[in-house]
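Some notes on the structure that comes next.
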Amino acid sequence: MGDTLPAVEVTRRASFLSFQPPAISEAEIEAVAETLRSGWLTTGPRTAELEARMREYLDAKHVLAVSSCTAALHLSLVALGVGPGDEVITTPLTWPATANVIVHTGATPVFADIRDDTLNIDPACVAELVGRKTKAIVPVDLYGQPADLDELAALGVPIVEDAAHAAESRYRDRKIGSIADLTCFSLYATKNIAAGEGGLISTNRDDLAEALDDLRVMRRGHGSLYDIVVPGYKANLSDVLASIALVQLDKVGEHAEIRRRHAAIYEEGVAELDGVEPVARDPRDLHANHLFVVRVTFADRDEVQRALHEENIGTSIHFLPVHRLSAYRERLHPGQPPLPIAERAGAEVLSLPFSPAHSDDDVRDAVAALRRVHARLAA
Ligand SMILES: Cc1ncc(COP(=O)(O)O)c(C=O)c1O
């Protein structure tokens, strides 16, 4: 008794902690080598296997592998017949690809404001915007939290769900990928099933699956006697990438466990920090834990991000509101309402380091650094 604990020197982390490094092991490297040895570089048996495994995993009748989630979203809108003169409603708090693909079809994006808790598109705001020209709604399952799919479906407009963050998510008791007219997933380098690049579309509708098959491959038939029924987009997936995705799919449960543990460390670590609020989750759903995002209000978010960088902690921002970006500022729909909740969220959100490649101690380092920055910058 009476002994005092030695003062712990609290210093910054020695090496830089990357924000979201890929979790790739020898198994993926071996799978790629095997595919290369097989002679199948483009779409072939590994892609077919990935589609079959994903049909089962997503509980969907059809799964089509494509070159990216951007292509998946674009082809989905084209398959629904979206084109010039049409309007498509989406969220402003997303990666710009979600809105870009609407522009690519010739249609006009209309942004609906978001919920202040989950930051997902607000069905009440969508309802106010649905009109004669509305041909589709594109909700995003932000960070892995499913959007309000029942409320959106009740509006009676086809849904193309952007599930780039939601490979593992469940909405109530149903698997994401089995619910909307079309659901689009990403296999991009940072995603929960990461192949570097790639995308998947799931649907239970035979007509849409057939249309999408024509749109992605460019041609039907074999050998030199080909025909095309639509001028397609050449958006198929290569077997090299499919072979990586298959190994990642094998690991999805193991990685989910690590993600859950890291999210719990963050939840506990920031619980007592005023002005650091994790984005809300709906306990009725299964969250894919794609990102761990907090809203920072104790100081300017950008200043906090810079201070964390000086602490050797990499962070990111998901997302800057799309309607504020140069490509959109000047071309907003004339009836576009203001989007105050998205604008505030866009200035507050900060994504903390999050990857199954990180150790628990890496996550604790990020928490410790955030605490130091908080102590320094909180007013
Ligand atoms: C919400 C969202 N939608 C779409 C995409 C586009 O995915 P991809 O890079 O596979 O085209 C991303 C990519 O990061 C995303 O975060």
Side-chain angles (χ1 to χ4, degrees), residues 19-22 47 50 54 63-78 88-105 109 111-112 114 118-121 136-147 149 159-169 176-177 180 182-202 212 215-216 233-238 241-242 244-245 248-249 279 287-293 315-323 325 327-328 342 345-346 349-351 354-355:
F19 164 64
Q20 210 165 34
T47 304
L50 177 65
M54 289 303 292
V63 172
L64 295 102
V66 290
S67 52
S68 65
C69 184
T70 305
L73 292 162
H74 181 215
L75 299 193
S76 293
L77 292 174
V78 174
V88 176
I89 301 172
T90 192
T91 169
L93 204 75
T94 183
W95 181 240
T98 317
N100 292 348
V101 295
I102 300 169
V103 176
H104 296 167
T105 66
F111 298 102
I114 57 174
T118 61
L119 308 187
N120 270 328
I121 197 167
I137 301 169
V138 186
V140 175
D141 302 318
L142 196 67
Y143 314 145
Q145 165 61 51
L149 297 176
I159 292 183
V160 175
E161 185 180 350
D162 182 340
H165 299 182
E168 298 140 68
S169 303
I176 289 296
L182 294 146
T183 310
C184 300
F185 297 90
S186 175
L187 304 175
Y188 178 67
T190 58
K191 297 298 187 282
N192 287 24
I193 300 171
E197 298 287 352
L200 300 161
I201 311 168
S202 67
L212 286 165
L215 288 168
R216 73 172 163 171
Y233 291 88
K234 192 60 167 64
N236 50 311
L237 185 73
S238 106
L241 297 175
I244 303 174
Q248 289 269 301
L249 183 56
V279 172
H287 196 289
N289 281 315
H290 173 55
L291 291 164
F292 193 89
V293 179
T315 59
S316 191
I317 293 169
H318 297 84
F319 292 98
L320 298 173
V322 177
H323 66 287
L325 303 177
Y328 286 91
V349 286
L350 184 66
S351 306
F354 207 68
S355 163

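Numbering of ligands and ligand atoms starts at 1, following listing order.
In this model, no donor atom of one side chain and acceptor atom of the other lie less than 3.5 Å apart for S169 and D141. Counting only N and O atoms by type, the side chains of Q145 and N120 include no donor and acceptor under 3.5 Å apart.
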Can you list every pair where an N/O of ligand 1 is under 3.5 Å from an N/O on the protein?
residue, atom, partner, partner atom, Å
ligand 1, 3 (N), D162, OD1, 3.2
ligand 1, 3 (N), D162, OD2, 2.6
ligand 1, 10 (O), C69, N, 2.9
ligand 1, 10 (O), S186, OG, 2.7
ligand 1, 11 (O), C69, N, 3.3
ligand 1, 11 (O), T70, N, 2.9
ligand 1, 11 (O), T70, OG1, 2.5
ligand 1, 14 (O), K191, NZ, 2.7
ligand 1, 16 (O), H165, NE2, 2.8

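N100 contributes atom CG, which lies 9.0 Å from atom CH2 of W95 (distance to the nearest 0.5 angstrom).
Taking the six-membered ring for Trp and the full ring otherwise, the centers of F292 and H318 sit at least 6.0 Å from each other.
Other residues, nucleotides and ligands contribute more than 12 heavy atoms inside 6.0 Å of the OH atom of Y328.
When L200, L73, V140 are each tested for a side-chain contact (heavy atoms from CB on, under 4.5 Å) with C184, only one passes: L73.
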